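Being a predicted model, the structure only gives us computed values, none of them experimental. Reminder, nothing fancy here: chain letters follow the sequence lines and each chain counts from 1.
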Amino acid sequence: MKLSKSSSVSSVVSNVDKHSTNTNLTTLFNKYVDKNNVFSWNSVIADLARGGDSVEALRAFSSMRKLSLTPTRSTFPCAIKSCSALHDLHSGKQAHQQAFIFGFHRDVFVSSALIDMYSKCGELSDARKLFDEIPQRIRNIVSWTSMLTGYVQNDNAREALLLFKEFLLEESECGGASENSDNVFVDSVAIASVLSACSRVTVNGVTEGAHGFVIKRGFDSEVGVGNTLIDAYARGGHVDVSRKVFDGMIEKDAVTWNSIIAIYAQNGLAAEALDVFDQMVKSTDVKCNAVTLSAVLLAIAHLGVLRLGKCIHDQVIKMDLEESVIVGTSIIDMYCKCGQVDLARKAFNQMKEKNVRSWTAMIAGYGMHCRAREALDLFYKMIKAGVRPNYITFVSVLSACSHAGLVQEGWHWLNTMGREFNIEPGVEHYGCMVDLLGRAGKLKEAYDLIEGMKVKPDFVVWGSLLGACRIHKNVDLGEIAAKKLFELEPNNCGYHVLLSNIYANAGRWEDVERTRTLMKNRRLAKTPGFSLVELRGKVHAFLVGDKEHPQHEKIYEYLEELNVKLQEVGYVTDMTSVIHDVDQEEKEMTLRIHSEKLAVAFAIMNSVPGSTIRIIKNLRVCGDCHTVIRLISKVVDREIVVRDSKRFHYFKDGLCSCGDYW
DNA sequence: GTAGGGTTAG
């Protein structure tokens with residue numbers, strides 16, 4: 001695994017963008033002077049709205065109205081825009097009413113702002129009504145774009161594209177003849193919106209087609225268009241094409257850099273994300289901002305490299321971005337995923353402004369650290385604080401219950417979320433609940449829950465059941481779950497392995513053999529497991545049965561020594577995690593060389609006695625490794641923290657924080 | 001004199 005040089009990351013210092021200090025009415029009035037002049041008010045409202053200070057903009061609008069000044073047509077668009085930004089339908093409707101009273105509701109600027117406001121507040125049919133009421137002779141590209149974006153933002157990309165088709169027809173028919181012919185041609189903003197729609201329809205090749213249109217119309221050198229193309233290709237799973245677009249852009253702004261960094265981070269390509277960040281820091285014509293650091297923190301969270309995370313946290317403080325909700329939430333997430341849930345809580349407590357995502361990140365953090373009680377306590381606090389939980393919050397709550405085996409609590413929230421919070425359980429919530437029931441041994445209940453689901457069960461749901469069937473040795477339900485999984489993900493061999501383990505457990509060797517042959521014939525390969533361990537600032541990566549690491553021979557020798565000690569405390573190799581295909585001795589070898597064991601051994605050999613060992617694994621830790629690491633923690637008297645793909649395990653004195661329940 | 005639509009985030 002290639003990692004970016006951390007030294008250059010810490011040199012970010014010199015190239016930073018202090019976030020703009022909040023403008024306020026007093027400073028603005030000093031700038032525009034005349035309080036009794038409508039135009040002065042218009043400028044103030046516009047400045048505030050443009051600067052993103054929507055609350056102040058609306059306050060200014062209302063102050064102006066209290067002075068009984070008569071608004072002009074230019075007063076409304078910015079006031080309405082501020083309502084859109086705040087998703088404040090109530091104020092939006094009031095502004096609409098006032099625009100009507102003063103006779104500006106037919107103004108095309110006002111109409112476009114209103115269309116945008118209604119769609120951002122989720123009132124798409126009201127937006128469409130206003131759009132249809134605009135006479136064709138004054139309807140321009142902004143009106144079209146507002147409506148188009150409305151569809152995209154309300155998850156109706158197909159309708160957006162149909163509308164664009166209609167637009168193109170009008171553009172070709174009356175583009176030259178209309179009285180506002182200058183405004184009826186497609187522009188770069190409209191194109192960006194269309195590209196965004198393309199990336200959200202599930203049909204292949206739409207983005208590629210639109211890209212062709214972009215080039216034909218000569219918009220390919222526009223930064224905004226390029227930025228949207230980068231995003232569109234990534235949404236379609238073509239991260240490599242995103243990178244090509246990025247590399248081909250002559251002009252790049254902060255959004256361009258942030259987009260590619262975020263894409264890498266979201267797709268698990270953390271090293272690439274950090275590499276691009278490094279280049280961004282070195283480039284002189286663009287400065288990183290809150291969004292940049294948020295994306296970088298996501299990459300670091302993925303890697304679990306605490307030292308780098310702390311480095312970026314320092315950077316956040318230097319850049320005076322501590323009060324940014326976006327950055328604050330990313331810091332919480334980073335600390336949780338780097339195993340420092342208490343540092344995360346400290347950062348959480350220090351946040352002045354918290355939104356639903358900040359609370360959710362902290363709840364999820366407690367969940368993955370098996371601190372379900374704290375997760376639920378925080379959830380109650382959140383509700384008490386008047387913050388409305390969202391879909392993801394409930395996923396985090398149920399997942400916390402699942403990690404801790406809280407069946408009652410799980411049932412309670414699954415049943416209550418729809419009734420009390422108007423959020424219908426989705427496939428992720430059922431996934432957690434099936435996992436929870438399954439691992440608690442309530443397999444029949446889990447299966448019945450799946451059968452009664454209102455949404456189509458996905459691979460997570462069936463995968464949870466299959467996993468539970470392995471733990472509780474249920475062949476019948478295991479076969480049902482596996483059959484569904486083979487249909488849903490025919491190329492994932494993990495399910496074949498699991499089913500095979502279930503057969504092995506039941507002594508059904510013929511079925512084991514059959515599964516194995518099937519895998520061989522379909523050439524299904526197992527995702528290779530790897531583990532990371534950070535030692536004195538350097539990250540060491542280990543693969544299954546690694547023979548690449550310079551110390552590998554010593555590591556294997558040490559593992560042999562450890563094995564003897566483990567057997568003295570009663571350890572017997574658990575064979576069920578391995579396909580029954582080799583003789584006993586060979587099987588033991590296969591097990592022993594799982595990457596997490598190598599990483600643990602390496603870390604014990606090379607670190608200060610008594611220090612905590614931190615490992616990150618890309619897959620779930622297997623049963624045997626779990627037992628071994630648990631016992632190692634006792635034998636060598638070390639605390640060992642393992643982050644697997646699902647959660648954290650804290651091993652100490654021969655016990656694990658998960659209570660062997662995971 | 002002043003005005004409306006897009007792309008990056010947890």
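- Comparing B:dG5, B:dT8, B:dG10 by their closest approach to the side chain of A:V189 singles out B:dG5.
- In this structure, A:E251 places its CD atom 14 Å from C1' of B:dT7, rounding to the nearest Å.
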Throw together a table of side-chain donor-acceptor distances under 3.5 angstrom for residues 192-202 of chain A, partners on residues two or more places apart or in other chains.
| residue | atom | partner | partner atom | Å |
| --- | --- | --- | --- | --- |
| A:S193 | OG | A:T149 | OG1 | 2.8 |
| A:S196 | OG | A:R200 | NH1 | 2.5 |
| A:S199 | OG | A:S196 | O | 2.8 |
| A:R200 | NH1 | A:S196 | O | 3.2 |

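- The side-chain tip of A:R128 does not point at the ring of A:Y118 from less than 6.0 angstrom away and within 45° of straight on.
- For B:dG4, the OP1/OP2 oxygens have no side-chain nitrogen or oxygen of A:K120 closer than 4.0 Å.
- Residue A:Q153 places no side-chain N or O under 4.0 Å from the OP1 or OP2 atom of B:dG5.
- Rounded to whole angstrom, the span from the CG atom of A:D47 across to the P atom of B:dG4 amounts to 11 Å.
- When heavy atoms are screened at a 4.0 angstrom cut-off, A:V38 is found touching no nucleic acid atom at all.
- For the side-chain hydrogen bond (donor to acceptor under 3.5 Å, both in side chains) test, residues two or more places apart in sequence or in another chain that qualify with A:T329 are A:S358.
- For residues 214-233 of chain A, the pairs satisfying ring-ring contact (aromatic ring centres under 6.0 Å, His included) are A:H211-A:Y233, with sequence neighbours left out.
- In terms of the salt bridge (charged side-chain N to carboxylate O under 4.0 Å, His left out) criterion, A:R388 has no residue partners (sequence neighbours excluded).
- Here the closest non-hydrogen pair linking A:L398 and A:C432 is CB-CB, 3.7 Å.
- At B:dT8, none of the side-chain N or O atoms of A:Q266 fall inside 4.0 Å of OP1 or OP2 (strictly under the cut-off).
- Near-neighbour residues of DNA chain B inside residues 101-116 of chain A, defined by a heavy atom below 4.0 Å, number-ordered: A:D107, A:V108, A:F109, A:S112, A:D116.
- OP1 and OP2 of B:dG4 both lie 4.0 Å or more from every side-chain N or O belonging to A:R73.
- At B:dG5, one or more side-chain N or O atoms of A:K81 fall inside 4.0 Å of OP1 or OP2 (strictly under the cut-off).
- The list of ring-ring contact (aromatic ring centres under 6.0 Å, His included) pairs with a residue in residues 316-342 of chain A, not counting sequence neighbours, reads A:H313-A:Y335.
- The salt bridge (charged side-chain N to carboxylate O under 4.0 Å, His left out) test applied to A:R357 returns no partner, not counting sequence neighbours.
- Against DNA chain B, the stretch residues 227-244 of chain A makes heavy-atom approaches under 4.0 Å through A:N227, A:T228, A:D231, A:R235.
- For residues 104-114 of chain A, the pairs satisfying side chain to side chain donor-acceptor pair (under 3.5 Å) are A:R73-A:D107, with sequence neighbours left out.
- When distances run from any side-chain atom of A:T149 to the nucleotides B:dG10, B:dA3, B:dG5, the shortest one goes to B:dG5.
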